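When a residue number appears, it is its place in the shown sequence, counting from 1. Order of appearance sets the numbers: ligands from 1, and atoms from 1 within every ligand. Please read all numbers here as calculations on a predicted model, not as lab measurements.
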Amino acid sequence: MRRPVVAGNWKMHGTRGWIEQWLRDWLPQLDSRAELIVLPPAGYLGLVRAGLDGHAVVVGAQNVHAEPAGAYTGEISAEMVRDLGAQVVLVGHSERRGHFGETDEIVAAKVVAAHRAGLRPVLCVGESLDERRRGDAEQVVLRQVESVVRLAGWERLDRAMIAYEPVWAIGTGETALPADAQHMHATIRGWLGREAPELARRMPILYGGSVKASNAKALFAEPDVDGGLVGGASLDAREFALICNAV
Ligand code: 13P
């Protein structure tokens with residue numbers, strides 16, 4: 001019922017020539033029934049959108065400011081990335097929360113901004129290693145989801161996706177076991193389902209954190225893992241195509 005999704009978050013990587021080569025390498029290898037999303041740095045959204053012309057691939061932004069316009073030097077708004085061809089935006093990535101001090105309030109404001117601009121937000125949540133070791137993983141993740149639902153409102157999440165990205169698995173080579181990912185995804189869906197059962201059934205919940213071609217199939221086979229949000233491995237066009245095709 002839920003169409004799987006595979007998204008490649010390039011983070012702060014890529015230049016014009018690299019992107020053109022990546023697209024030439026990636027596109028011919030695709031054989032996937034998943035919805036595919038590429039998330040380049042904001043300045044390259046237009047280039048990537050143009051390079052994907054005629055292909056069923058969605059382009060997304062990694063971040064936006066909550067305001068539509070204003071005196072916010074160096075920032076870009078949801079309306080602007082939409083204008084550049086983005087249809088999706090990541091909100092609350094752990095690197096934004098960790099390096100840029102984004103609180104649940106800021107994350108919720110960005111969900112509201114995404115909704116206002118007609119973008120699908122991908123709400124990123126996940127616990128740290130300490131939180132997992134203390135046995136608090138579920139509590140932390142559900143608190144992140146609940147805060148945003150309460151502050152932004154259910155209607156702003158109508159077209160949203162959630163990405164469960166345990167912080168200890170991001171860029172470390174360490175991946176959650178498929179059963180552990182499944183457990184957390186089912187916990188999130190269970191929580192959503194108590195107040196919004198229809199939304200819970202159709203909301204894609206992606207797993208992120210050292211997804212590779214070698215572990216994608218096992219992760220994606222879990223019933224509540226609706227695909228992946230891929231960082232490092234999405235920079236390698238061949239590897240990323242294998243992950244897309246693992247659906
Ligand atoms: P890695 O796949 O490099 O672990 O990154 C995951 C991530 O943060 C995707 O948003």
Side-chain angles (χ1 to χ4, degrees), residues 4-14 18 22 26 34-42 44-45 48 57-64 81 86-102 107 110-111 114 119-129 131-132 137 140-141 144-145 148 160-178 180-181 184-185 188 204-220 222 225-247:
V5 176
V6 179
N9 173 13
W10 290 352
K11 308 191 179 183
M12 199 169 71
H13 295 284
W18 181 90
W22 188 96
W26 183 59
E35 174 177 357
L36 303 177
I37 306 175
V38 177
L39 302 140
Y44 294 116
L45 281 167
V48 174
V57 179
V58 169
V59 171
Q62 300 171 14
N63 178 45
V64 287
V81 300
Q87 292 175 265
V88 167
V89 63
L90 301 185
V91 286
H93 192 281
S94 63
E95 288 152 18
R96 299 294 318 171
R97 293 178 193 258
H99 300 310
F100 302 97
E102 288 194 9
V107 174
K110 292 183 178 195
V111 167
L119 298 170
R120 289 185 80 177
V122 181
L123 171 63
C124 304
V125 295
E127 82 285 359
S128 68
L129 187 55
E131 289 162 340
R132 173 153 288 259
V140 166
V141 167
Q144 289 170 339
V145 175
V148 170
M161 303 181 223
I162 288 181
Y164 168 56
E165 299 203 302
V167 178
W168 48 269
I170 297 181
T172 58
E174 198 142 333
T175 316
L177 293 171
D180 291 337
M184 186 64 85
H185 286 222
I188 296 169
I205 305 181
L206 317 183
Y207 169 79
S210 298
V211 175
K212 303 180 272 264
S214 57
N215 59 27
K217 226 182 183 80
L219 285 161
F220 300 168
E222 295 292 341
V225 177
D226 303 314
L229 178 55
V230 185
S234 75
L235 296 174
D236 181 329
R238 208 185 93 83
E239 175 89 4
F240 188 52
L242 290 172
I243 296 170
C244 295
N245 297 347
V247 167

Under a heavy-atom criterion of less than 4.0 Å, does Ala233 contact ligand 1? no
After noting the C-alpha distance and the side-chain angles of Ile243 and Phe220, does the key distance pass the side chain to side chain contact (heavy atoms under 4.5 Å, CB included) rule? CA-CA 10 Å; Ile243 296 170; Phe220 300 168; 4.0 Å; yes
Under 4.0 angstrom from ligand 1, any heavy atom of Lys212? no
Only heavy atoms of Gly209, strictly under 4.0 Å: list the atoms of ligand 1 that pass. 4 (O), 6 (C)
Check step by step if side chain to side chain contact (heavy atoms under 4.5 Å, CB included) holds for Trp18 and Trp10. CA-CA 12 Å; Trp18 181 90; Trp10 290 352; 3.8 Å; yes
If every non-hydrogen atom of Ala176 is compared with every non-hydrogen atom of Leu219, which pair is closest and at what distance? O-CD2, 3.8 Å
How far apart are the C-alpha atoms of Ile37 and Arg120, what are their side-chain angles, what is the distance that settles it, and do they pass the side chain to side chain contact (heavy atoms under 4.5 Å, CB included) test? CA-CA 12 Å; Ile37 306 175; Arg120 289 185 80 177; over 6 Å; no
Rounded to the nearest 0.5 Å, what separation is found between the CH2 atom of Trp168 and the CD atom of Glu127? 6.5 Å
The option among Cys124, Gly171, Gly126, Ala7 carrying the non-hydrogen atom nearest to atom 4 (O) of ligand 1 is Gly171
Would you compute the distance between atom CD of Gln87 and atom CG of Leu45 and round it to the nearest 0.5 angstrom? 11.5 Å
Numbered atoms and elements of ligand 1 in range of Glu165, under 4.0 angstrom, heavy atoms: 6 (C), 7 (C), 8 (O), 9 (C), 10 (O)
Taking N or O atoms only and a 3.5 Å limit, does Lys11 qualify as a polar contact for ligand 1? yes
With respect to Gly232, determine whether any N or O atom, backbone or side chain, lies less than 3.5 Å from an N or O atom of ligand 1. yes
Only heavy atoms count here, so choose which of Gly231, Ser234, Ala169 is nearest to atom 2 (O) of ligand 1. Gly231
Compute the minimum heavy-atom distance from Ser210 to ligand 1 and say whether it is under 4.0 Å. yes
Can a donor-acceptor pair be found between the side chains of His93 and Glu165 at a distance below 3.5 Å? yes
Ligand 1 N/O within reach of Leu90 N/O, cut-off under 3.5 Å: no
Looking only at heavy atoms, is any part of Leu229 under 4.0 Å from ligand 1, and if so is it the side chain, the backbone, or both, or is it neither? both
Would you say Val48 and Val57 make side-chain contact, with heavy atoms under 4.5 Å? no
Do any nitrogen or oxygen atoms of Asn9 lie less than 3.5 angstrom from nitrogen or oxygen atoms of ligand 1? yes
